[in-house]
**Q** 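The structure that follows is given in the form of structure tokens.
The structure presented is a predicted model; accordingly, all values stated were derived computationally and were not measured. Quick note on labels: first sequence line is chain A, next is B, and so on, each numbered from 1.
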Amino acid sequence: MITVRDLHPWPSTEAEAEAVQRRLRPLVRVEEPAEIRTAAGLDVAYREDSDELVAAVTVLDVATLSVVDSAVVRDRARFPYVPGLFAFREAPPLLTALQRLAVTPDVLVCDGQGVAHPRRFGLACHLGLLTDLPSIGVGKTPMTRFDPPGEHRGDWTPLEVDGEEVGRALRTRTGVKPVFVSVGHRCTLQAACDLVLRLTPKYRLPETTRTADHLGRQST
DNA sequence: GCGACAG
DNA sequence: ATCTTGTCGC
């Protein structure tokens, strides 16, 4: 069962939110994860306005890529969309959904960045830390600089901030735009990229995020 | 200083 | 995120 730690009060202003990120950032741990048999995909879909959102989580058996558990939570956004402060908008319903899972996944595959973030604390770090589960971020758009990787599946180049490697631009399909992988919590960058490649036998995005995305749309 | 900025 | 036609490829 997944429990959510109460590490901070929920901020109501951007300044407070940034302060929370700076305070939690030192708590992120990079370590080799235990064997990964199941992986959760997390995604949020939006309804008509931009006030109601639907958080969807699916848990996949990594060997077969079949869905073994899932949860959907509908909620109202309590924080505006601000680049860099994504977690304060999407994490609340995602955490509620995670708590409703019957199967505890070995890793959370988040739709967005981990430490490849301006303050090194993206959505994946936030979710990993509050649940104390290994987590990684797989974004469709980069927030940090990088050089284009080779054209073949598996090719990658570093995502860097101040010359430091904070993630990788990873080509999951030959000839297709890369995805942007970074550590969220309790994982290594290499393990994160290995997992992403295992989750992308057919498409650019991981099966985990694809199944979560589909589930969220249906519930819209 | 100004603009751009995960979903 | 979401709004959308046709088009290319497996």
**Q** Sequence neighbours left out, what pairs pass ring pair (Phe, Tyr, Trp, His ring centres under 6.0 Å) with at least one residue falling in residues 53-77 of chain A?
**A**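 As it turns out, there is no ring pair (Phe, Tyr, Trp, His ring centres under 6.0 Å) pair with a partner in residues 53-77 of chain A once direct neighbours are skipped.
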**Q** Should stems be defined as at least three consecutive Watson-Crick or G-U pairs with both distances under 3.5 angstrom, which of them involve DNA chain B?
**A**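 Output for stems: empty, none.
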**Q** Base, backbone or nothing for each nucleotide of nucleotides 4-10 of chain C, written B, S, -, heavy atoms under 4.0 angstrom, 5' to 3'?
**A** -------
**Q** Report the hydrophobic cluster partners of Val72(A), with the cluster defined as I, L, V, M, F, W, Y residues connected by side-chain heavy atoms closer than 4.5 angstrom, directly or transitively.
**A**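 Once heavy-atom contacts under 4.5 Å are chained together, Val72(A) belongs with Val54(A), Leu215(A).
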**Q** What nucleic acid atoms does Gly139(A) come within less than 4.0 Å of, heavy atoms only: base, sugar-phosphate, or nothing?
**A**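 It contacts sugar-phosphate atoms only.
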**Q** Given side chains that start at C-beta, do those of Leu98(A) and Val4(A) come closer than 4.5 Å, heavy atoms only?
**A**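 Leu98(A) vs Val4(A): side chains apart.
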**Q** Please report the interatomic distance NZ(Lys202(A)) to CZ(Arg210(A)), rounded to the nearest 0.5 Å.
**A**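 One gets 9.0 Å once the value is rounded to the nearest 0.5 Å.
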**Q** Write out all pairs satisfying ring pair (Phe, Tyr, Trp, His ring centres under 6.0 Å) with one or both partners inside residues 185-220 of chain A, taking only residues at least two apart or from two chains.
**A**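 Found none.
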**Q** With Arg186(A), which residues qualify under salt bridge (Lys or Arg N to Asp or Glu O under 4.0 Å), at least two apart?
**A**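 For Arg186(A), the residues satisfying salt bridge (Lys or Arg N to Asp or Glu O under 4.0 Å) (neighbours in sequence not counted) are Glu31(A), Asp132(A).
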**Q** Please say which of Leu42(A), Val109(A), Asp43(A) ends up in a side-chain contact (heavy atoms from CB on, under 4.5 Å) with Thr209(A).
**A**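 Considering Leu42(A), Val109(A), Asp43(A), a side-chain contact (heavy atoms from CB on, under 4.5 Å) with Thr209(A) is found only for Val109(A).
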**Q** Given pairs defined as Watson-Crick or G-U wobble with both distances under 3.5 Å, what dot-bracket annotation applies to DNA chain C, with ( ) intrastrand, [ ] crossing, | other strand and . unpaired?
**A** ..........
**Q** May I have all residue pairs that pass ring pair (Phe, Tyr, Trp, His ring centres under 6.0 Å) and include part of residues 145-165 of chain A, sequence neighbours excluded?
**A**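 Those involving residues 145-165 of chain A are Phe146(A)-Phe180(A).
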**Q** Could you pull out all residues at least two apart from Phe121(A) that satisfy ring pair (Phe, Tyr, Trp, His ring centres under 6.0 Å)?
**A**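 With sequence neighbours excluded, Phe121(A) shows a ring pair (Phe, Tyr, Trp, His ring centres under 6.0 Å) to His126(A), given in chain and number order.
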**Q** Report which part of the nucleic acid Leu85(A) touches: base, sugar-phosphate, or nothing (heavy-atom distance under 4.0 Å, all strands).
**A**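 The residue Leu85(A) makes base contact.
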**Q** When rounded to the nearest 0.5 angstrom, what distance separates CZ in Arg89(A) from CG in Leu123(A)?
**A**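 It is 12.5 Å, given to the nearest 0.5 Å.
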**Q** Using a 4.0 Å cut-off to any heavy atom of chain A, which nucleotides of DNA chain B are the first and last in contact, reading 5' to 3'?
**A**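 Under 4.0 Å from chain A, the extent on DNA chain B is dC5(B) to dG7(B).
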**Q** Among Arg173(A), Glu207(A), Arg153(A), whose side-chain hydrogen bond (donor to acceptor under 3.5 Å, both in side chains) with Thr200(A) holds?
**A**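 Exactly one pass, corresponding to Arg153(A).
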**Q** Taking NZ, NE, NH1 and NH2 as the nitrogens, is one of them in Arg198(A) or Asp194(A) under 4.0 Å from a carboxylate oxygen of the other?
**A**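 Answer for the salt bridge query: no.
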**Q** Any donor-acceptor pair under 3.5 Å linking the side-chain atoms of Thr58(A) with those of Thr211(A)?
**A**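 A pair is found: one side chain offers a donor N or O, the other an acceptor, under 3.5 Å apart.
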**Q** Just call it for Leu53(A): base, sugar-phosphate, or nothing, with non-hydrogen atoms closer than 4.0 Å on any strand.
**A**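 The answer is nothing, as Leu53(A) stays clear of every strand by at least 4.0 Å.
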**Q** Counting distance only, does the side-chain N/O of Arg168(A) pair as donor-acceptor with the main-chain N or O of Leu159(A) below 3.5 Å?
**A**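 No; zero donor-acceptor contacts below 3.5 Å.
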**Q** What are the atom names and distances for every N/O pair under 3.5 Å that joins the protein to nucleotides 1-3 of chain C?
**A**
residue : atom : partner   : partner atom : Å
dA1(C)  : OP2  : Lys140(A) : NZ           : 3.0

**Q** Tell me who clusters with Val67(A), hydrophobic residues only, linked when side chains sit under 4.5 Å apart either directly or through other members.
**A**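 Hydrophobic cluster check, Val67(A): joined to Leu60(A).
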